[in-house]
Amino acid sequence: MPSPRLAVRAVIVQDARLLLVNAWPEDKGSALWCAPGGGVERGASLPDNLRREVHEETGLQIAVGAPCLVNEFHDPAGVFHQVEVFFRCQVEAGALRDDWRDPEGVVHARRFFDRDEMAGLKLRPGRLAQIAFGGGFDYDPLEAIWR
C-alpha cells in the first residue's frame, strides 16, 4: 500500500474574504472548493512548495506564515490518503486575473469568498472556514474523499 501523499495549502484572508480554488478539471464538473496548494516535491521546504503551488494556481506571490490546520482525507474504497498542512499566508504581489491559467490545467476557477458565501459551498476540509476566520490551530481527522 502506498504511503500517504503530503500536500500544503494556503489560508489567505483579505478584506474578510478567503481565497478558494476549484481544483477539478472542468469536464469533471465538481463544485468542490478548497484552499490553493498542492503536492509537496522532494527537496523543497513546505513553504517553498506552497509558494510554487499558489503561484501556479492563482498567479499570486505570497508570504508564508505559521501552520494553522492539519487535515487528512482518504478514499475508503481505494488506496488514496492525503495529509495536508495549511499555513496562514498573505499576498505579497499580484492580483487575481481572469486570464490566468494554471499550467497544470487543474484549477479553472479562483476567487475570494466571504463567510456567508462559503456557507453554501461544497468545501473541504470541513473546518476551513472556522480556522480562516476564527484563528488558532486545529487538526481535522481522517475524512472520506468527495467526488
Side-chain angles (χ1 to χ4, degrees), residues 1-15 17-115 117-118 120-133 138-147:
M1 185 159 313
S3 295
R5 178 180 190 255
L6 180 60
V8 288
R9 298 216 175 265
V11 176
I12 301 170
V13 177
Q14 275 188 331
D15 302 321
R17 298 166 66 87
L18 177 65
L19 178 60
L20 298 173
V21 298
N22 187 299
W24 289 82
E26 287 184 89
D27 63 342
K28 300 286 186 204
S30 177
L32 180 65
W33 290 84
C34 60
V40 169
E41 293 179 355
R42 183 181 219 79
S45 70
L46 296 181
D48 286 346
N49 274 285
L50 187 53
R51 282 187 281 274
R52 174 186 46 78
E53 285 288 339
V54 169
H55 186 263
E56 286 176 2
E57 294 180 359
T58 68
L60 301 174
Q61 294 184 15
I62 60 166
V64 179
C68 58
L69 174 66
V70 173
N71 175 68
E72 60 177 314
F73 62 94
H74 72 122
D75 181 352
V79 297
F80 184 78
H81 182 170
Q82 180 162 295
V83 176
E84 301 175 315
V85 180
F86 289 71
F87 291 83
R88 294 195 189 284
C89 299
Q90 293 182 345
V91 175
E92 286 189 317
L96 296 183
R97 296 186 351 236
D98 290 339
D99 64 343
W100 183 263
R101 296 293 175 253
D102 175 1
E104 300 291 323
V106 177
V107 169
H108 68 275
R110 65 204 55 77
R111 67 173 273 231
F112 284 91
F113 291 86
D114 66 30
R115 194 167 192 164
E117 291 172 311
M118 289 176 63
L121 294 179
K122 186 176 177 182
L123 179 67
R124 279 294 199 212
R127 292 189 177 136
L128 184 55
Q130 294 166 327
I131 288 297
F133 298 111
D138 204 358
Y139 166 67
D140 203 357
L142 193 62
E143 59 188 359
I145 195 169
W146 283 19
R147 298 199 189 280

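Each residue takes its place number in the sequence, starting with 1.
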- Query: Where do E41 and R52 land on the side-chain contact (heavy atoms from CB on, under 4.5 Å) test, with the steps shown first?
  - Reply: CA-CA 10 Å; E41 293 179 355; R52 174 186 46 78; 3.5 Å; yes

- Message: By the salt bridge (Lys or Arg N to Asp or Glu O under 4.0 Å) test, which pairs, at least two apart or in different chains, include something from residues 76-93?
- Response: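 Applying salt bridge (Lys or Arg N to Asp or Glu O under 4.0 Å) to every pair that reaches into residues 76-93, excluding sequence neighbours, yields R9-E84.
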
- Message: The test is side-chain contact (heavy atoms from CB on, under 4.5 Å); show your working for R51 and V64 and say whether it passes.
- Response: CA-CA 7 Å; R51 282 187 281 274; V64 179; 3.6 Å; yes

- Could you tell me whether D99 atom CG has more than 12 heavy atoms of other residues or ligands within 6.0 Å of it?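 It does: D99 CG has more than 12 such atoms within range.
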
Heavy-atom distance under 4.5 Å between the side chains of [X] and [Y], does that happen here?
X    : Y    : value
D138 : D140 : no
Y139 : L69  : no
F80  : P4   : no
R110 : N22  : no
T58  : D102 : no
V79  : D75  : no
L46  : L6   : yes

- Query: Any idea how H55 and W100 line up, ring-wise: parallel (<30°), tilted (30 to 60°), or perpendicular (>60°)?
  - Reply: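 Rings of H55 and W100: perpendicular, over 60°.
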
- side-chain contact (heavy atoms from CB on, under 4.5 Å) between V11 and L128, worked out: CA-CA 8 Å; V11 176; L128 184 55; 4.1 Å; yes

- Return yes if some donor-acceptor pair links the side-chain N/O of D48 with the main-chain N/O of A44 below 3.5 Å, else return no.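 Pair absent, no side-chain N/O of D48 close to backbone of A44.
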
- Where the side chain of E57 meets the backbone of G37, is there a donor-acceptor pair that is under 3.5 Å apart?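 Yes; at least one donor-acceptor contact below 3.5 Å.
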
- Does R111 come within less than 4.0 Å of E117, counting only side-chain N to carboxylate O?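 Yes, this pair counts.
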
- Query: Pick from R5, E72, H74: which one makes a side chain to side chain contact (heavy atoms under 4.5 Å, CB included) with V83?
  - Reply: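 The side chain to side chain contact (heavy atoms under 4.5 Å, CB included) with V83 is passed solely by E72 among R5, E72, H74.
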
- Message: The test is side-chain contact (heavy atoms from CB on, under 4.5 Å); show your working for M118 and F113 and say whether it passes.
- Response: CA-CA 6 Å; M118 289 176 63; F113 291 86; 3.6 Å; yes

